[in-house]
2 protein chains.
Amino acid sequence: MNALDRIDRNILMQLQQDSRLTNVQLAAQVGLSPPACLKRVKRLTEEGYISRQVALVAPHKLGPMLHMVVEVFMERDHKQLFQEFVKSIQATPEIKQCYQVTGEVDFVLIVMVRDMEAYEKLCDRLLYSNPNVRKFRTLISMKRDKFETAIELE
Amino acid sequence: MNALDRIDRNILMQLQQDSRLTNVQLAAQVGLSPPACLKRVKRLTEEGYISRQVALVAPHKLGPMLHMVVEVFMERDHKQLFQEFVKSIQATPEIKQCYQVTGEVDFVLIVMVRDMEAYEKLCDRLLYSNPNVRKFRTLISMKRDKFETAIELE
DNA sequence: CGTGAAATATGTATCGT
DNA sequence: ACGATACATATTTCACG
């Protein structure tokens with residue numbers, strides 16, 4: 001079931017760096033004929049290795065943008081409540097990432113907003129009004145020094 | 001200089017969700033002829049609005065994967081030292097994201113590693129051995145509940 | 001920006017290993 | 001089971017209006 005050979009990993013590495021490669025280019029890179037290569041890409045997509053292909057847009061080109069790292073402390077460690085919270089996070093487009101962590105903090109959120117006002121509104125809507133959120137701490141970032149989506153395939 | 005019209009934003013929104021759309025499909029979506037649409041995509045790429053197009057690979061499909069949120073406290077708030085630190089971060093593939101934040105914490109890192117051993121080695125190499133790093137705190141995540149790369153274009 | 005035509009690429013069928 | 005060749009379909013891309 002889970003057996004990616006060297007060629008599959010090579011394909012994934014290439015496409016993680018640049019998915020605009022044409023299939024003929026990719027095929028040449030990995031040493032296959034275009035149809036054989038296409039079949040693999042299709043298989044990797046169907047089997048969920050490639051979840052999707054997207055364009056990454058440069059945030060700073062669209063005016064000022066604030067990134068927030070938010071640590072959320074919940075009232076109780078209750079699965080049901082966590083799931084509900086995650087649901088509300090998934091429905092909030094400004095929240096780009098959510099990590100469930102172990103320790104004192106329960107969730108870490110990565111939020112992208114235009115300004116403080118937008119962030120405060122978000123907090124009102126999602127955190128202050130949620131009885132299961134005990135408290136949260138915000139780290140404000142005006143500089144994202146690195147953003148890489150690729151995964152190491154050793 | 002910075003003047004994206006409704007069609008440009010529409011193109012960016014579409015490609016942020018799915019960059020595998022063919023140019024003809026995209027053209028139809030935004031109400032342009034394929035050549036006109038292609039020109040815009042090219043322009044948006046050349047001008048840096050689209051920084052790149054990538055395949056997103058599902059981490060859990062490649063065996064267990066740990067995400068770490070690392071808060072780094074530097075010794076001194078010195079620009080030169082910060083820049084050097086950022087450089088070392090950019091050269092480290094396991095560190096996927098780096099946010100420079102204001103307040104007590106100086107940097108927040110998002111790290112992806114296979115296991116604790118790999119993380120410890122990373123810490124040795126990058127944090128413990130760096131005299132400018134005063135201390136750091138690690139939040140361990142075994143669950144990434146959301147990961148969205150798209151930016152709001154209102 | 002649109003139309004139409006040429007150049008490329010994608011996708012399918014079939015064969016061979 | 002997997003890859004290659006050849007062929008059909010679709011897309012990209014250029015020239016022109």
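To find a chain, count down the sequence lines: A is the first, B the second, and so on, and within it residues start at 1.
- Between B:E84 and B:K79, none of the side-chain N atoms (NZ, or NE/NH1/NH2) sits under 4.0 Å from a carboxylate O, so this pair counts as no salt bridge.
- Among the nucleotides C:dG2, D:dG3, D:dC14, the one closest to the side chain of B:L32 is C:dG2.
- Aromatic ring centres of B:Y99 and A:F147 lie farther apart than the 6.0 Å criterion allows.
- OP1 and OP2 of D:dC2 both lie 4.0 Å or more from every side-chain N or O belonging to A:R40.
- For A:L38 and D:dA8, the CG to P distance is 19 Å, given to the nearest whole Å.
- When heavy atoms are screened at a 4.0 angstrom cut-off, A:S33 is found touching base atoms of the nucleic acid.
- A:Q97 and B:Q97 form a side-chain donor-acceptor contact under 3.5 Å, judged by distance and modelled atom types alone.
- Using a cutoff of 4.0 Å between basic side-chain nitrogens and carboxylate oxygens, A:E46 and A:R40 are not scored as salt-bridged.
- Atom CG in B:L26 sits about 13 Å away from atom P in C:dC1, given to the nearest Å.
- Across all strands shown, B:R20 has no heavy atoms under 4.0 Å from either base or sugar-phosphate atoms.
- Between C:dT12, C:dT3, D:dG3, one nucleotide has an atom nearer to the side chain of B:P35 than all others, and that is C:dT3.
- Distances from the side chain of B:A36 to the nucleotides C:dC1, D:dA4, C:dG11 place C:dC1 closest.
- With C:dT10, C:dC1, D:dT11 as the candidates, the nucleotide lying closest to the side chain of B:T22 is D:dT11.
- Nearest to the side chain of A:N23, among C:dT10, D:dA4, D:dG3, sits C:dT10.
- Comparing B:G31 and A:P34 along DNA chain C, the residue whose closest nucleotide (by nearest heavy atom) sits nearer the 5' end is B:G31.
- Note: NZ (A:K42) to C1' (D:dG3) measures 16 Å, nearest angstrom.
- If you take CG of B:L21 and C1' of C:dA9, they are 17 Å apart, rounded to a whole angstrom.
- Where A:Q25 and A:K39 meet DNA chain C, the nucleotide closest to each residue was compared, and A:Q25 sits on the side nearer the 5' end.
- Counting non-hydrogen atoms under 4.0 angstrom, A:R43 reaches nothing in the nucleic acid.
- A salt bridge links B:R114 to A:E154: at least one charged side-chain nitrogen sits closer than 4.0 Å to a carboxylate oxygen.
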